[in-house]
There are 2 protein chains.
Amino acid sequence: MAADTRTRLLEGAFSTLRTQGIAGASARSIAAAAGVNQALVFYHFGSVDELLAESVRHAARRRVETYRDRLGAVSSLRELLDLGRALHAEERAEGNLAVLAQMLAGAQADPQLAPATTAGLHLWVAEIESALGRILASIKPARALDTGGLARAIAATFIGLELYGGVDAQGATRAVTALEQLTSALATAPADPAT
Amino acid sequence: MAADTRTRLLEGAFSTLRTQGIAGASARSIAAAAGVNQALVFYHFGSVDELLAESVRHAARRRVETYRDRLGAVSSLRELLDLGRALHAEERAEGNLAVLAQMLAGAQADPQLAPATTAGLHLWVAEIESALGRILASIKPARALDTGGLARAIAATFIGLELYGGVDAQGATRAVTALEQLTSALATAPADPAT
DNA sequence: GTCTATAGTCGGATAGAC
DNA sequence: GTCTATCCGACTATAGAC
């Protein structure tokens, strides 16, 4: 707690994005969340956009390192699905999904936000892709699949589900459950014929 | 062209959401897009939030009626996938997906936007669900699936892909292609054993 | 590095003339 | 129904004291 001002601003930006959304992420509200003066946003980061961009980079860097080990240890499709579910829950709880979704929404109209957002998302994509590629290579009918494309589709689906969950939590839960049933069925039925 | 003021505001709100995003959807910018005076937003709709909400209702109402017939004519999983792809492309081109994504992002922090957004999304979900339910019922291994949950997952995925496409068009195309390969493979391989 | 103060702009919303 | 004019608060950003 009470870290240096720069860090407080980075974390204030994160929590403001999470709770107020991209439309409420102003220098003033971020500074308030960080407990520092509003002018310091511009002193340390030059502009609000730069602070937001730096904030997602900051958050993404710390998280993904934690995943690398866990994803690397996975050796079956079933394990991958279980880990995926666990990571999804953790990311949701940390607010990383909500923040990324808000940045993504903001980046549609504000090109300055796009690079950092893409980078933050790509950290996940790369991790998912590497684990996916390793597992699917051992499943014959899955060899033809584009793991990079699938990894991107999975990341996009998480974003969509996060936003949907914000307006209809029950519906989103149903969607997740249905996807789990589907993937689970695929993992057991036509997947076993390996090599 | 040059419809009555109310309609112009509804359409101005739509195109502003589409091009400026939720963070740029102010009474002034909407009125400018509509070519009318800013005060009329409040005269006709009371508040910006109400106008935005009414705008998505307005847009959703007109679209879905067009779909009902087309979805109703579908009689195989393959046809459903083809139609789904076509509708997805049309919705993207019209900007309906972009607008819904922005409303969804805004609704996370602004509960006033949530009801209309949920309703707009649900129009799709209901259509997808009904077509999905009809088709999957004829495929034995698919009987256990929750079509409502799947329909919600599909809608959420479209939203996520739309936002992802805004910052990485190439990556989103890859994701869509991968999903098409996957669903296509599922539609032909283990799906044929009907009844 | 951090603060106050302030310039200048843009936002939501209302009053009242036409 | 539509306009101008306006209040007032919030915003980005900067200048300058400490």
What is the distance, rounded to the nearest whole Å, between atom [atom1] of [X] and atom [atom2] of [N]?
X: Asp110(B); N: dG12(C); atom1: CG; atom2: P; answer: 12 Å
X: Leu51(A); N: dC11(D); atom1: CG; atom2: C1'; answer: 15 Å
X: Ile22(B); N: dG11(C); atom1: CD1; atom2: C1'; answer: 14 Å
X: Arg6(B); N: dT2(D); atom1: CZ; atom2: C1'; answer: 16 Å
X: His44(B); N: dT14(C); atom1: NE2; atom2: P; answer: 15 Å
X: Gln38(A); N: dC3(C); atom1: CD; atom2: C1'; answer: 11 Å
X: Phe42(B); N: dT14(C); atom1: CZ; atom2: P; answer: 8 Å
X: Leu9(A); N: dC3(C); atom1: CG; atom2: C1'; answer: 14 Å

Next on the checklist: For the CG atom of Leu150(A) and the CG atom of Leu136(A), what is their distance to the nearest 0.5 Å?
Outcome noted: 7.0 Å
Next on the checklist: Is Ser26(A) close enough to dC11(D) that one of its side-chain N or O atoms is under 4.0 Å from OP1 or OP2 there?
Outcome noted: yes
Checklist entry - Can a side chain N or O of Thr5(A) be found less than 4.0 Å away from OP1 or OP2 on dT2(C)? => result yes
Please pick, from [options], the nucleotide with the shortest atom-to-atom distance to any side-chain atom of [X].
X: Asn37(A); options: dA5(D), dT4(C), dT2(D); value: dT4(C)
X: Tyr43(A); options: dT2(C), dC3(D), dA13(C); value: dT2(C)
X: Ala39(A); options: dA13(D), dA13(C), dC3(C); value: dC3(C)
X: Arg28(B); options: dA13(C), dA15(C), dG1(C); value: dA13(C)

Checklist entry - Hey, is Glu90(A) close enough to Arg70(A) for a salt bridge, meaning N to O under 4.0 Å? => result yes
Item to check | Pairing of Arg18(A) and Glu162(A) as salt bridge, 4.0 angstrom limit | outcome: no
Next on the checklist: A side-chain contact here means heavy atoms from C-beta on lying under 4.5 Å apart; do Phe42(A) and Leu51(A) qualify?
Outcome noted: no
Checklist entry - Does any non-hydrogen side-chain atom of Tyr164(A) lie less than 4.5 Å from one of Ile159(B)? => result no
Next on the checklist: Heavy atoms only, 4.0 Å cut-off, all strands: where does Val48(A) land among base, sugar-phosphate and nothing?
Outcome noted: sugar-phosphate
